[in-house]
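Just follow the structure's listing: the first ligand is 1, and inside any ligand the first atom is 1.
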Amino acid sequence: MTDAPRVLVAYGSKRGGTEGLAEMIGEALTAAGCDAVLVPAAEPADLTGVDAVIVAGSLYANRWNRQARRFVRRHAEALRELPVWLVCSGPLDDSAAQHDLPPTAQVADIADSVHAQGTKTFGGRLLPDATGFPAHAMAKTRAGDWRDHVAITAWVGDVVAHLQPA
Ligand SMILES: Cc1cc2nc3c(=O)[nH]c(=O)nc-3n(C[C@H](O)[C@H](O)[C@H](O)COP(=O)(O)O)c2cc1C
């Protein structure tokens with residue numbers, strides 16, 4: 001790979017937190033010398049010329065975002081030929097910062113289905129004025145932003161090292 005690696009970041013986000021996480025991943029990829037392309041998982045994506053794919057989705061009741069799941073299913077054939085990482089967002093506490101959290105069973109199965117290089121769970125975000133049931137009730141006690149720039153940048157560094165071996 002002589003040109004900058006082109007990395008597609010597809011994201012499925014219900015309330016914007018995972019979209020922001022995908023933007024942070026994109027910024028870290030760009031800073032590390034990659035050509036980062038962000039796309040909502042629900043939109044058509046062209047994987048031609050892409051060197052690696054990161055699919056990010058929020059977790060709700062232990063289930064990974066439906067659009068992220070559909071993206072993986074839709075592109076499974078191409079993804080099996082590429083290095084792929086699945087990203088989850090995430091716990092509304094500092095658990096993701098304390099430990100490397102294992103993927104949920106569902107995410108582990110999806111990762112296996114495309115022979116993903118790895119999975120990663122980052123802390124999530126819930127706004128105090130979140131609407132909808134049960135998010136509104138949860139927000140009264142659990143609102144906050146646990147997306148961790150430093151951890152995200154470090155993880156992107158590992159991904160890029162995999163793409164550009166020394
Ligand atoms: C109703 C509800 C259920 C949630 N369930 C989980 C869960 O099972 N596991 C988890 O890690 N985070 C859970 N979260 C936290 C969200 O995953 C976190 O807020 C995430 O960043 C939301 O992403 P989004 O803004 O892109 O929708 C839940 C949040 C809400 C509001």
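Taking every non-hydrogen atom of Pro134 and a distance limit under 4.0 Å, the qualifying atoms of ligand 1 come out as 1 (C). Of all atoms in ligand 1, numbered sequentially from 1 with element shown, those under 4.0 Å from a heavy atom of Gly17 are 24 (P), 25 (O), 26 (O). Annotation for ligand 1: atoms under 4.0 Å from non-hydrogen atoms of Ala135 are 31 (C). The contact set between ligand 1 and Ser13, taken as ligand atoms under 4.0 Å from a residue heavy atom, comprises 24 (P), 26 (O). Taking every non-hydrogen atom of Gly124 and a distance limit under 4.0 Å, the qualifying atoms of ligand 1 come out as 21 (O). Per-residue contacts place Arg15 under 4.0 angstrom from the following atoms of ligand 1 (heavy atoms of the residue considered): 24 (P), 25 (O), 26 (O), 27 (O). Of all the atoms in ligand 1, the ones that sit under 4.0 Å from a non-hydrogen atom of Lys14 are 24 (P), 26 (O), 27 (O). Applying the 4.0 Å criterion to heavy atoms of Asn62 picks out, from ligand 1, the atoms 7 (C), 8 (O).
Leu101 and Leu86 fall into different hydrophobic clusters, defined by Ile, Leu, Val, Met, Phe, Trp and Tyr side-chain heavy atoms under 4.5 Å apart, directly or through other members. With hydrophobic clusters built from ILVMFWY side chains whose heavy atoms lie under 4.5 angstrom apart, Ile110 shares a cluster with Leu8. Val55 and Val107 fall within a single hydrophobic cluster, where Ile, Leu, Val, Met, Phe, Trp and Tyr side chains are chained together by heavy-atom contacts under 4.5 Å. Hydrophobic clustering of Ile, Leu, Val, Met, Phe, Trp and Tyr side chains at less than 4.5 Å, counting indirect connections, keeps Leu126 apart from Ile152. With hydrophobic clusters built from ILVMFWY side chains whose heavy atoms lie under 4.5 angstrom apart, Tyr60 does not share a cluster with Leu21.
Under a 3.5 Å cut-off, the side chain of Arg15 and the backbone N or O of Thr131 do form a donor-acceptor pair. Without hydrogens or angle criteria, Arg142 side chain to Ala137 main chain gives no donor-acceptor distance under 3.5 Å. Trp64 places a side-chain N or O within 3.5 Å of a backbone atom of Val87 that can act as its donor or acceptor partner.
The nearest protein atom to atom 20 (C) of ligand 1, hydrogens excluded, is given as Ser89 OG, 3.5 Å; this is a heavy-atom distance. For atom 19 (O) of ligand 1, the nearest non-hydrogen atom of the protein is Arg125 O, 2.8 Å.
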Inset, instruction - Apply side chain to side chain contact (heavy atoms under 4.5 Å, CB included) to Asn62 and Gln106, showing your working. - result: CA-CA 8 Å; Asn62 264 343; Gln106 182 194 45; over 6 Å; no
Inset, instruction - List the steps, then state whether side chain to side chain contact (heavy atoms under 4.5 Å, CB included) holds for Leu163 with Val7. - result: CA-CA 10 Å; Leu163 300 176; Val7 184; 3.9 Å; yes
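Polar contact check, Glu19 against ligand 1: no nitrogen or oxygen pair lies under 3.5 Å apart. For the pair Gly90 and ligand 1, the shortest N or O to N or O distance falls below 3.5 Å. Polar contact with ligand 1: absent for Gly12 (N/O pair, distance under 3.5 Å). At least one N or O atom of Leu59, backbone or side chain, sits closer than 3.5 Å to an N or O atom of ligand 1.
Looking at Trp64, Tyr60, Phe133, it is Tyr60 that brings a heavy atom closest to atom 27 (O) of ligand 1.
Contact annotation: for Met138 versus ligand 1, heavy atoms closer than 4.0 Å belong to the side chain alone. In Ala61, the part holding a heavy atom less than 4.0 Å from any atom of ligand 1 is the backbone. Proximity of Leu92 to ligand 1, defined as any heavy-atom pair under 4.0 Å, is confined to the side chain (atoms from C-beta onward).
Taking the charged nitrogens against the carboxylate oxygens, Asp35 and Arg6 do have a contact shorter than 4.0 Å, which makes a salt bridge.
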